[in-house]
Amino acid sequence: MNNTELARTAARMAQRFAVASGPLAIEPLGRGLINDTFRVTAETNRWVLQRINGQVFPDPAGIMANLSRLGAHLARQGVVDLTWPELARTPEGATWTQDETGAVWRLMSFIPGQPLERIADAHQAAAVGRLLGAFHRAVADLDPASLTVTLPGFHVTPGYLEPFDRAAREAVAAPQPGLEEALAFVAARREGLDLLEQARAAGQIPERLVHGDPKLDNLLFDAEGRRALALIDLDTVQPGLTLHDIGDCLRSCCNRQGESARESSVAFDLAVCRPLLQAYADRTQGLLVPAEVTRLFAAIRLIPLELGLRFLTDHLQGDRWFRVSAPGQNLAKARIQFALVADIERQEREIQAIIAAAFG
Ligand code: GN1
Ligand code: MG
């Protein structure tokens with residue numbers, strides 16, 4: 001489907017939810033790499049329309065069931081510092097609809113807020129930590145097994161090695177700038193990729209409900225950029241490890257140059273990490289068990305390594321998962337994550353001290 005067809009289909013799908021009698025204005029929204037997202041406007045009312053990427057998510061209906069369940073749970077709890085989108089329903093009462101290709105579409109309330117380009121100060125970093133903490137606290141009493149696994153193996157880091165190895169073997173041997181170095185970076189760090197999985201399998205760290213993708217782009221702030229209002233992009237809300245979420249949030253927020261930075265300027269900013277983790281610890285108050293705290297540094301290092309591995313694999317496979325606007329982009333992004341990993345490794349002592357101060 002080209003962009004014009006997509007926009008036309010979007011308009012038809014939005015109509016099915018019958019949320020307004022008049023005409024709907026539809027425009028692309030956000031910078032997501034997986035789903036297609038639109039803002040829908042009718043007079044002063046706004047919604048978010050999404051086509052769920054069926055290549056990535058095997059069970060879109062399961063995603064929607066999770067969202068309904070969680071929305072009800074949060075409403076029951078009366079959580080005030082976390083806004084959750086309302087799901088629009090079709091006249092038949094469904095929270096989703098399918099187009100002719102079988103793709104699933106949904107319409108949700110628009111949460112008036114916007115993602116930050118980057119964290120500007122300690123106040124914003126703390127706001128992020130509090131929001132993620134509020135989410136983890138709010139779902140702590142939900143049995144994770146009662147929710148659908150929407151993306152099997154999502155943060156099972158060692159699971160990414162097999163497709164990576166296959167793609168590396170099959171990749172055309174034409175030399176590409178930066179590829180050798182990226183492959184070598186992974187080769188030097190294969191050991192220990194299963195550290196969290198081992199602990200999970202041994203029952204040392206609990207499985208809980210996670211967001212799965214709490215990067216800065218998936219957090220909405222108010223207009224002044226002071227208050228963090230909502231977590232969005234909720235398709236990977238599923239059973240997982242809380243450490244994955246913290247690691248993912250930090251790899252995104254503390255890399256202030258962003259995922260497409262110039263490699264030479266990539267750094268893990270302790271001035272963001274410190275207030276973020278402190279606020280998270282304050283908001284969650286003893287949620288993490290000691291076995292999680294002792295593995296927190298490992299998680300902070302592991303998640304950018306995993307994402308780099310995923311970008312690199314996708315590059316080798318011909319960009320099938322992460323949307324790119326130019327060839328080579330996924331390789332460049334992999335190298336940026338690896339540069340971040342290297343900086344995290346360099347600053348291990350300082351990061352450990354921050355962890356000890358926040359959770360000690
Ligand atoms: C993808 O859809 P989006 O852009 O929020 C990806 C995450 C990555 C992120 C990197 C389902 O998230 O795992 O961390 O890109 N989501 C999926 O920007 O693969
Ligand atoms: Mg996402």
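Being a predicted model, the structure only gives us computed values, none of them experimental. Just so you know, ligand 1 is whichever comes first in the structure, and atom 1 is the first atom listed for that ligand.
By the 4.0 Å N-to-carboxylate-O rule, Arg8 lies too far from Glu5 to be salt-bridged with it. Under 4.0 Å is where a charged nitrogen must lie from a carboxylate oxygen, and between Arg251 and Glu306 no such pair does. Between Asp141 and Arg76, none of the side-chain N atoms (NZ, or NE/NH1/NH2) sits under 4.0 Å from a carboxylate O, so this pair counts as no salt bridge.
Using a 30° and 60° split on the angle between ring planes, His136 and Tyr280 fall in the perpendicular class, above 60°.
A donor atom on one side chain and an acceptor atom on the other are not found under 3.5 Å apart for Asn35 and Thr37.
Heavy atoms of Asp235 found under 4.0 angstrom from ligand 1: none, in either backbone or side chain.
Looking at residues two or more places apart in sequence or on another chain, you find a side-chain contact (heavy atoms from CB on, under 4.5 Å) between Glu162 and Arg166.
Heavy-atom proximity to Gly32, at under 4.0 Å, picks out these atoms of ligand 1: 4 (O). Short contacts between ligand 1 and Glu259, defined as distances under 4.0 Å to a heavy atom of the residue, involve ligand atoms 10 (C), 18 (O). The contact set between ligand 1 and Asn218, taken as ligand atoms under 4.0 Å from a residue heavy atom, comprises 5 (O). Close approach to Phe57 involves these atoms of ligand 1, each under 4.0 Å from a residue heavy atom: 11 (C).
Distances between N or O atoms of Arg31 and those of ligand 1 include no value under 3.5 Å. At a 3.5 angstrom cut-off on N or O pairs, Leu151 does not count as close to ligand 1. For a threshold of 3.5 Å applied to N or O pairs, the pair formed by Thr236 and ligand 1 contains no separation below that value.
Under the 3.5 Å distance criterion, the side-chain polar atoms of Thr83 are left unmatched by any main-chain donor or acceptor of Ala230.
Closest heavy-atom approach to atom 14 (O) of ligand 1 within the set Arg323, Arg251, Lys215: this belongs to Arg251. In this comparison of Asp213, Asp233, Asp217, Ile232, the heavy atom closest to atom 12 (O) of ligand 1 sits on Asp213.
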